[in-house]
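See below for the structure under consideration.
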Amino acid sequence: MQDLTFAVVGATGAVGAEFLRIVQQRYTPLPNLKLLASSRSAGKRITVAGQELVVDEASEASFEGVDVAFISASSEVSQRLGPAAVAAGAVVIDDSSVFRMEAKVPLVVPEVNGADVDWHEGIISIPNCSTTPLVMVAQPLHQANPIVRIVADTYQS
């Protein structure tokens, strides 16, 4: 794992911070991390597992040498940077809604349909925050007794 380089776009946001917390918790030694964010956050320092890292401004040129790019930013940022990361050779895991309905982009919840990552063409999308726990609960129920329909309401700000 330490041979891989991960870029975290949105590293100073709540989801980026959680990503870094999980990486720190699960991997010793840490993989190579490249922290990226908006120009407002460029230069900020974040400590991960005792290692101080500097946040760079995310741009189309940010992905040279990156193996996996985790993007948790606006749809506009994902649409601009996702293809640039793929062109640089990275696999993109995108948290925005921009790629979710594209036929060539798998929409993956690892515990439910993790094998779908096998057919990605550079970008893997993850569902909305309310969908993920719903399908994680529904999938084993569906295996036991097929679910015909789910009606769910979410109230999000």
Side-chain angles (χ1 to χ4, degrees), residues 6-27 30-31 33-49 53-60 62-63 66-86 90-157:
F6 287 83
V8 183
V9 178
T12 58
V15 175
E18 182 64 13
F19 179 91
L20 294 173
R21 187 190 68 76
I22 290 169
V23 166
Q24 178 176 266
Q25 186 179 60
R26 294 190 181 172
Y27 300 104
L30 285 178
L33 295 171
K34 187 172 195 175
L35 307 185
L36 302 168
S38 69
S39 59
R40 291 185 319 262
S41 295
K44 184 175 180 176
R45 297 176 183 282
I46 297 176
T47 302
V48 182
L53 303 171
V54 178
V55 177
D56 292 322
E57 181 176 357
S59 74
E60 290 88 343
S62 297
F63 302 98
V66 170
D67 299 296
V68 178
F70 179 78
I71 303 177
S72 182
S74 68
S75 292
E76 176 186 278
V77 168
S78 290
Q79 193 151 24
R80 183 171 51 91
L81 298 182
V86 172
V91 173
V92 172
I93 300 170
D94 185 64
D95 188 28
S96 77
S97 63
V98 75
F99 301 109
R100 287 182 185 151
M101 299 306 289
E102 290 193 17
K104 293 186 175 188
V105 177
L107 182 62
V108 176
V109 175
E111 297 85 353
V112 175
N113 65 332
D116 281 357
V117 301
D118 292 343
W119 59 267
H120 76 83
E121 295 182 9
I123 297 176
I124 299 165
S125 188
I126 61 176
N128 157 295
C129 59
S130 58
T131 303
T132 300
L134 175 65
V135 298
M136 288 176 67
V137 169
Q139 193 251 356
L141 295 172
H142 181 71
Q143 288 175 330
N145 188 35
I147 297 172
V148 176
R149 178 176 53 154
I150 294 176
V151 177
D153 292 312
T154 65
Y155 301 91
Q156 302 177 42
S157 60

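We use all heavy atoms of the structure for the numbers below, so side chains are in, but hydrogens, waters and symmetry mates are not.
- Considering only heavy atoms from C-beta on, T132 stays 4.5 Å or farther from I126 through its side chain.
- Taking CG of L53 as the start and CG of L30 as the end, the distance is 8.0 Å to the nearest 0.5 Å.
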Exercise. Before giving the answer on side-chain contact (heavy atoms from CB on, under 4.5 Å), spell out for V15 and D95 the whole-Å C-alpha distance, their side-chain angles and the decisive distance to 0.1 Å.
Key: CA-CA 9 Å; V15 175; D95 188 28; 3.8 Å; yes
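- Screening residues 72-86 for salt bridge (Lys or Arg N to Asp or Glu O under 4.0 Å) gives E60-R80 as the qualifying pairs, with residues at least two apart or on separate chains.
- Using cut-offs of 30° and 60° for the angle between ring planes, the F70 and F19 rings count as parallel.
- The residue from V9, D56, I46 that alone fulfils the side-chain contact (heavy atoms from CB on, under 4.5 Å) condition with L35 is I46.
- Between N128 and R100 there is a side-chain heavy-atom pair separated by less than 4.5 Å.
- With a 4.5 Å cut-off on side-chain heavy atoms, V48 and V23 do not count as touching.
- For S96, the side chain to side chain donor-acceptor pair (under 3.5 Å) partners two or more places apart in sequence, or in a different chain, are S78, D94.
- Not counting sequence neighbours, the partners of V91 by the side-chain contact (heavy atoms from CB on, under 4.5 Å) test are H120, I124.
- Scored by the side-chain contact (heavy atoms from CB on, under 4.5 Å) test, N113 finds V108, V109, D116 as partners (sequence neighbours excluded).
- Looking only at side-chain heavy atoms (C-beta outward), Y155 and S130 stay at 4.5 Å or farther from each other.
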Enumerate donor-acceptor pairs with a distance under 3.5 Å from any side-chain N or O in residues 136-145 to protein atoms, sequence neighbours excluded.
unit_1: H142; atom_1: ND1; unit_2: I147; atom_2: N; d: 2.8

Please report, to 0.1 Å, the donor-acceptor pairs under 3.5 Å made by any side chain of residues 36-45, with sequence neighbours excluded.
unit_1: S38; atom_1: OG; unit_2: R40; atom_2: N; d: 3.4
unit_1: S41; atom_1: OG; unit_2: T12; atom_2: OG1; d: 3.1

